[in-house]
There are 2 protein chains.
Amino acid sequence: MFTPIKNVKVYEQVVDQIKKMVEIGELKKGDKLPSERELVSELNVSRSSIREALRSLEIIGLIECKRGEGNFIRKNFENNLFEPLHIIFMLEKSTSKDVMEVRQIIETESAALASKNIKNKDISILEDMLLKLKNCNDEKKSIDLDKKFHYKIAEMSNNFILLSIMNACSGLIDLNIKGVRDNIILSSDKKEELVKQHEKIFLALKNKDSSKAYSEMRKHMKFSNDNLLL
Amino acid sequence: MFTPIKNVKVYEQVVDQIKKMVEIGELKKGDKLPSERELVSELNVSRSSIREALRSLEIIGLIECKRGEGNFIRKNFENNLFEPLHIIFMLEKSTSKDVMEVRQIIETESAALASKNIKNKDISILEDMLLKLKNCNDEKKSIDLDKKFHYKIAEMSNNFILLSIMNACSGLIDLNIKGVRDNIILSSDKKEELVKQHEKIFLALKNKDSSKAYSEMRKHMKFSNDNLLL
């Protein structure tokens, strides 16, 4: 299963071996890793190297440590890009504008892809969300429904990488312009306009019109961004 | 500077404190971190917790460890998204098609943004690259020039997050469809077509025509992907 290690930068080699096992499918989502003690003996390295490796794998989101149970390959990777994107954001003088630009790109292109993949059950789900959004008078619930609508569209792109990028950007936006998202919902004429925009996106998707889905999502994103930036 | 730590999950708290110092600008690109010994005494935690934290920060690409010199905040973050994207790719049943789809999206939208930001010196640089590409008969150099041309355009998007996503996708493509990139260069009629496509992209950029830049890049990406997938 494992190959004993002899060289320097030991923890990185442990990380590499575990990653390789994931790559070839020997370790899959939800699988339990051998215990620290077993890893020490199988890989022939110190306990501290094993711990450094496991912590590293935990922080990059490959494994999760369950107290008293051991280490497992994670089942959910949607938020894996947030941490490294956050670092880039902090150190590369990126601005909120940059993040919103990326989110706008991902969402418009996802909408175009989604229109090609849409199934009847997706149409029902989106239609139901839209109806709820229309009749919702609770600000917080509106925001939540709005997010779910967008998430559903990104999901329909059938591309998990796109979905992960969108999630990471969403996290960064929430972190950096906290509370501003609420402003957009407050005035009732804006709320009406927002619902209309969602309806137009929905119709384009339903009609499998990818360029319309793209352009309506773009308009909606521009409207959202303009209002967020106020 | 630091606040002593008392609770559980110690290494994560160390990570958080260092990240917070980056966030508020107390630690900047290239800055040296205190030594392990200093961190142990300032944060009042065990040496092994400090090491686990430092390894974790190293693996997510925030710090780099220079032998005999200590730990530094990294200066370059372009490749930070590769590792987590690779994990997502391995575990979420993503395919090469997904990665190429994302790259296509990022490059076409970058071209559109680049056309809005282009400066005279960018035009000269791209023009020079194009001329070299046209006259190049060495396969490897052609691939390299081609990559640089695309990189330059992504850079001109003025959005480091986009550039990082493109780099991560490029890395994944190289990893997964190694060697295939060469095929496209081999036949001379295809080479001619590729040069023509680059010229069209260049002209659209030069004319600051963002929708043309978008559509020409999209055509070029489709051509590249079709040929890569053969």
Side-chain angles (χ1 to χ4, degrees), chain A residues 9 11-12 15 19 22-23 25 28-29 47-48 51-62 65 73-75 77-78 80-94 97-99 101-102 104-106 108-110 112-113 157-165 168-169 172, chain B residues 9 11-12 15 19 22-23 25 28-29 47-48 51-62 65 73-75 77-78 80-94 97-99 101-102 104-106 108-110 112-113 157-165 168-169 172:
Chain A
K9 276 229 172 186
Y11 92 99
E12 280 195 337
V15 165
K19 271 166 47 187
V22 169
E23 198 158 11
K28 292 186 195 70
K29 285 204 251 181
R47 183 137 191 161
S48 72
R51 289 180 73 96
E52 285 166 24
L54 291 174
R55 295 320 200 190
S56 299
L57 290 168
E58 193 178 5
I59 213 140
I60 57 174
L62 180 59
C65 171
I73 303 291
R74 287 186 61 141
K75 285 181 184 160
F77 300 92
E78 275 162 30
N80 260 31
L81 292 180
F82 174 73
E83 201 54 71
L85 209 63
H86 188 200
I87 289 169
I88 290 173
F89 181 82
M90 289 191 294
L91 283 159
E92 287 296 343
K93 300 173 209 149
S94 296
K97 184 198 125 293
D98 294 335
V99 187
E101 204 164 75
V102 177
Q104 177 175 311
I105 287 169
I106 299 299
T108 48
E109 298 275 4
S110 290
L113 288 171
S157 74
N158 263 347
N159 188 325
F160 198 84
I161 298 172
L162 280 180
L163 189 62
S164 304
I165 298 171
C169 289
L172 270 187
Chain B
K9 276 230 172 184
Y11 92 100
E12 279 195 338
V15 166
K19 271 165 49 188
V22 169
E23 198 158 12
K28 292 186 196 70
K29 284 205 251 181
R47 183 135 190 163
S48 73
R51 289 181 71 98
E52 285 165 23
L54 292 174
R55 295 320 198 191
S56 299
L57 290 168
E58 193 179 6
I59 213 137
I60 56 174
L62 179 59
C65 172
I73 302 292
R74 287 185 61 141
K75 285 181 184 160
F77 300 91
E78 275 163 30
N80 260 30
L81 292 181
F82 174 73
E83 200 56 71
L85 210 62
H86 188 200
I87 289 169
I88 289 173
F89 181 81
M90 290 190 295
L91 283 159
E92 287 295 342
K93 300 173 208 147
S94 296
K97 184 197 127 290
D98 294 336
V99 188
E101 203 165 76
V102 177
Q104 177 175 312
I105 286 170
I106 299 300
T108 48
E109 298 275 3
S110 291
L113 288 171
S157 74
N158 263 346
N159 188 326
F160 198 84
I161 298 171
L162 279 180
L163 189 61
S164 303
I165 298 171
C169 289
L172 271 186

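This is a predicted model, so every value here is computed, not measured. Every chain is numbered from 1 and lettered A, B, ... according to where its sequence line falls, protein lines coming before strand lines.
By number of non-hydrogen pairs under 4.5 angstrom with chain B, the leading residue of A:Lys28, A:Arg55, A:Lys93 is A:Arg55. With chain B as the partner, the residue from A:Asn158, A:Leu113, A:Val99 showing the most heavy-atom pairs under 4.5 Å is A:Leu113. Note on B:Leu57, B:Ile106, B:Ile59, B:Asn80: by heavy-atom pairs under 4.5 Å with chain A, the leading option is B:Ile59.
For B:Leu54, no part sits under 4.5 Å from any heavy atom of chain A, backbone or side chain. Using a 4.5 Å cut-off between heavy atoms, A:Ser94 contacts chain B through its side chain alone, with no backbone atom that close. Only the side chain of A:Ile73 comes within less than 4.5 Å of a heavy atom in chain B; its backbone stays farther off. Contacts of B:Val15 with chain A are made by side-chain atoms alone, with heavy-atom separations under 4.5 Å and no backbone atom involved. At a 4.5 Å heavy-atom cutoff, the contact between A:Ile60 and chain B is made by backbone and side-chain atoms alike.
How far CE of B:Met90 is from CG of A:Leu62: 6.5 Å, rounded to the nearest 0.5 Å. Rounding to the nearest 0.5 angstrom, the gap separating the OG atom in A:Ser56 from the CD atom in B:Glu52 is 8.5 Å. From B:Glu58, atom CD reaches atom CD of A:Glu12 across 5.5 Å, with rounding to the nearest 0.5 Å. Separating the OG atom in B:Ser164 from the CD atom in A:Glu92 is a distance of 7.0 Å, to the nearest 0.5 Å. Here the CG atom belonging to B:Leu162 is positioned 4.5 Å from the CD1 atom belonging to A:Ile105, to the nearest 0.5 angstrom.
Ion pairing between a basic and an acidic side chain is recognised when a charged N comes within 4.0 Å of a carboxylate O; A:Glu83 and B:Lys19 show such pairing.
Of all the heavy atoms in B:Ile88 and A:Phe77, the pair that sits closest is CD1-O, 3.8 Å. Across every non-hydrogen atom of B:Asp98 and A:Asn159, the tightest pair is O-ND2, 3.0 Å. The two atoms that bring A:Pro84 and B:Pro84 nearest to each other are CG-CG, 3.5 Å, heavy atoms only.
Side-chain contact between B:His86 and A:Glu23 is present, with heavy atoms from C-beta onward closer than 4.5 Å. The closest side-chain heavy-atom distance from A:Ile165 to B:Ile161 is not below 4.5 Å. When side chains are defined from C-beta on, A:Arg74 does not count as touching B:Leu91, because their heavy atoms never get closer than 4.5 Å.
Within 6.0 Å of the NZ atom in A:Lys75, the count of heavy atoms belonging to other residues, nucleotides or ligands does not exceed 12.
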